[in-house]
2 protein chains.
Amino acid sequence: MTSRLTHSLRSDAQDNRERILAAARTAFAEQGLDVAMREIARRAEVGPATLYRHFPTKEALVTDVFTEQMAACTAIVDEGLADPDPWRGFCRMIERVCELHALDRGFTAAFVSAFPSAIDLAADRERALGKAAELARRAKAGGKLRPDFVLDDLIMVLMANGGIRTTSPAAAVAASRRFAALLIQGMRAEPAIPPLPPAVRLPLAAL
Amino acid sequence: MTSRLTHSLRSDAQDNRERILAAARTAFAEQGLDVAMREIARRAEVGPATLYRHFPTKEALVTDVFTEQMAACTAIVDEGLADPDPWRGFCRMIERVCELHALDRGFTAAFVSAFPSAIDLAADRERALGKAAELARRAKAGGKLRPDFVLDDLIMVLMANGGIRTTSPAAAVAASRRFAALLIQGMRAEPAIPPLPPAVRLPLAAL
DNA sequence: ACGCTATCGGAACACCCCGTCCGTTTAGCT
DNA sequence: AGCTAAACGGACGGGGTGTTCCGATAGCGT
């Protein structure tokens with residue numbers, strides 16, 4: 001979906017479009033969705049008007065940027081679904097989706113509070129959630145996932161994971177790993193006690 | 001701390017001050033710390049200047065508002081500490097703190113820190129965290145809390161709990177209850193499988 | 001090489017925010 | 001009731017945001 005109608009664009013236009021998307025990706029990943037459009041334009045070394053010609057509104061830009069992240073999300077669920085052991089697939093899905101969200105501060109926001117008109121994003125999300133529900137169903141059938149788990153729990157976990165703020169991407173990954181492990185342990189139907197991933201120092205600014 | 005120097009204020013001034021604090025409390029609770037000062041003044045039926053005379057900066061207002069919430073937090077930890085069964089005290093502490101945060105969207109932000117000069121808040125927070133650490137130590141000694149639990153995990157849980165967005169306060173409480181239960185289950189050293197609190201429908205805006 | 005036109009980008013618009021100034025109101029004491 | 005100082009609140013400035021206008025630029029077919 002990155003190369004949709006790009007062939008009908010002039011060479012410099014296409015170049016700018018790609019630089020804008022790249023800049024928006026990193027900006028959203030680092031600072032969340034609240035980055036100013038000007039800031040994105042500045043990073044892409046482009047005027048604000050150019051940005052707005054390629055993406056008529058901020059929402060359009062966000063939608064375009066996160067379409068591929070959503071695809072990555074779906075791929076992760078699919079891989080979990082492909083695992084012969086549904087419980088292991090379920091666990092890996094949760095871990096990897098949490099890590100994906102942890103590495104991109106904007107993605108959780110884009111995922112959860114879909115914009116009024118980001119229909120493609122919402123549709124993709126529903127598809128991914130449907131598959132996740134099937135995976136959960138199988139994991140329950142296997143007796144490893146607690147039967148009272150519901151799909152909304154997964155959304156809750158994603159929202160919660162998005163609330164964790166860290167200083168570096170590395171810390172974000174580590175925190176999300178530990179967080180996911182804690183939750184997976186809580187979701188287990190017949191528990192054992194594997195060790196948690198290492199603890200993470202969380203930034204309490206102005207301590 | 002609500003009535004510190006209020007006696008030296010003129011009657012209307014004191015009245016306004018209290019209305020401002022009340023308005024700020026509910027506004028912060030409902031919408032988080034990002035409410036406009038003007039909005040708070042409007043809710044308190046007061047001009048912006050009046051608001052700024054009583055609280056020279058937004059940060060001062062936030063600090064004053066959340067001092068009592070912080071006290072409530074400390075009280076919760078103390079009650080947990082007072083429980084003869086440290087594990088039960090630990091669990092109740094987590095549940096109640098999560099609920100407290102769920103009912104006040106701004107509190108998590110104010111707690112996690114945020115402000116450069118909210119010294120009292122930070123100090124109170126450190127005290128509460130220290131007590132929580134002691135409670136965790138006892139719960140570990142009792143063999144019920146997994147030994148690799150660390151204090152940062154508690155902060156992580158609070159941050160995560162703050163990421164959960166709901167539509168109504170009732171839903172927020174229900175969600176935080178379920179969330180806390182899931183995590184407590186994950187923190188248990190020797191697990192059993194109690195049923196989770198009821199599931200919560202989470203708002204995925206637009207569909 | 002030329003010119004047509006798609007594309008660019010700085011400046012500008014409308015809006016909202018925080019925090020302040022100053023003329024008006026009002027509490028409270030005599 | 002009258003006076004004075006304390007308190008009020010509408011209007012202001014500076015800065016930020018998303019978005020648009022229009023003159024300048026530069027790709028590309030001829």
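Reminder, nothing fancy here: chain letters follow the sequence lines and each chain counts from 1. Hydrogens, waters and symmetry mates are skipped; everything else that's a heavy atom, side chains included, is used.
- Rounded to whole Å, atom P of D/dG18 lies 11 Å from atom CG of A/L33.
- Shown here are the salt bridge (charged side-chain N to carboxylate O under 4.0 Å, His left out) partners of B/K131, two or more places apart in sequence or in another chain: B/D78.
- With rounding to whole Å, B/E45 atom CD is found 13 Å from D/dG9 atom C1'.
- The shortest distance between the side-chain N/O atoms of A/H54 and the OP1/OP2 oxygens of C/dT7 is not below 4.0 Å.
- Evaluation of the ring-ring contact (aromatic ring centres under 6.0 Å, His included) test over residues 22-60 of chain A, restricted to residues two or more places apart or in two chains, returns A/F28-A/F66.
- For B/R92, there are no salt bridge (charged side-chain N to carboxylate O under 4.0 Å, His left out) partners at least two apart in sequence or on another chain.
- D/dA26 atom P lies 12 Å from atom CG of A/N16, rounded to whole Å.
- Summarising the geometry, the separation between CZ on B/R19 and P on D/dA7 is reported as 15 Å, rounded to the nearest angstrom.
- Residues satisfying the side chain to side chain contact (heavy atoms under 4.5 Å, CB included) test with A/A49, not counting sequence neighbours, are A/R53.
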Whether each nucleotide of nucleotides 13-22 of chain C has a protein heavy atom under 4.0 Å at its base (B), only at its sugar-phosphate (S) or at neither (-) is summarised, 5' to 3', as ----SSBBB-
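- Take A/R42 and apply the side chain to side chain contact (heavy atoms under 4.5 Å, CB included) test, not counting sequence neighbours, and it matches A/E39.
- Atom CD1 in A/I40 sits roughly 17 Å away from atom C1' in C/dG9 (whole-Å rounding).
- A straight line from CG of A/L51 to C1' of D/dT17 spans 13 Å, rounded to a whole angstrom.
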Do any N or O atoms of the protein come closer than 3.5 Å to N or O atoms of nucleotides 28-30 of chain D, and which pairs are they?
unit_1, atom_1, unit_2, atom_2, d
D/dC28, OP1, A/S11, N, 2.9
D/dC28, OP2, A/S11, OG, 3.4

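- Not counting sequence neighbours, the partners of B/V173 by the side chain to side chain contact (heavy atoms under 4.5 Å, CB included) test are B/E99, B/L103, B/R177.
- In this view, A/R105 and A/R165 satisfy the side chain to side chain contact (heavy atoms under 4.5 Å, CB included) rule, not counting sequence neighbours.
- When all heavy atoms are compared, the tightest approach of A/M93 to A/A132 is SD-CB, 4.0 Å.
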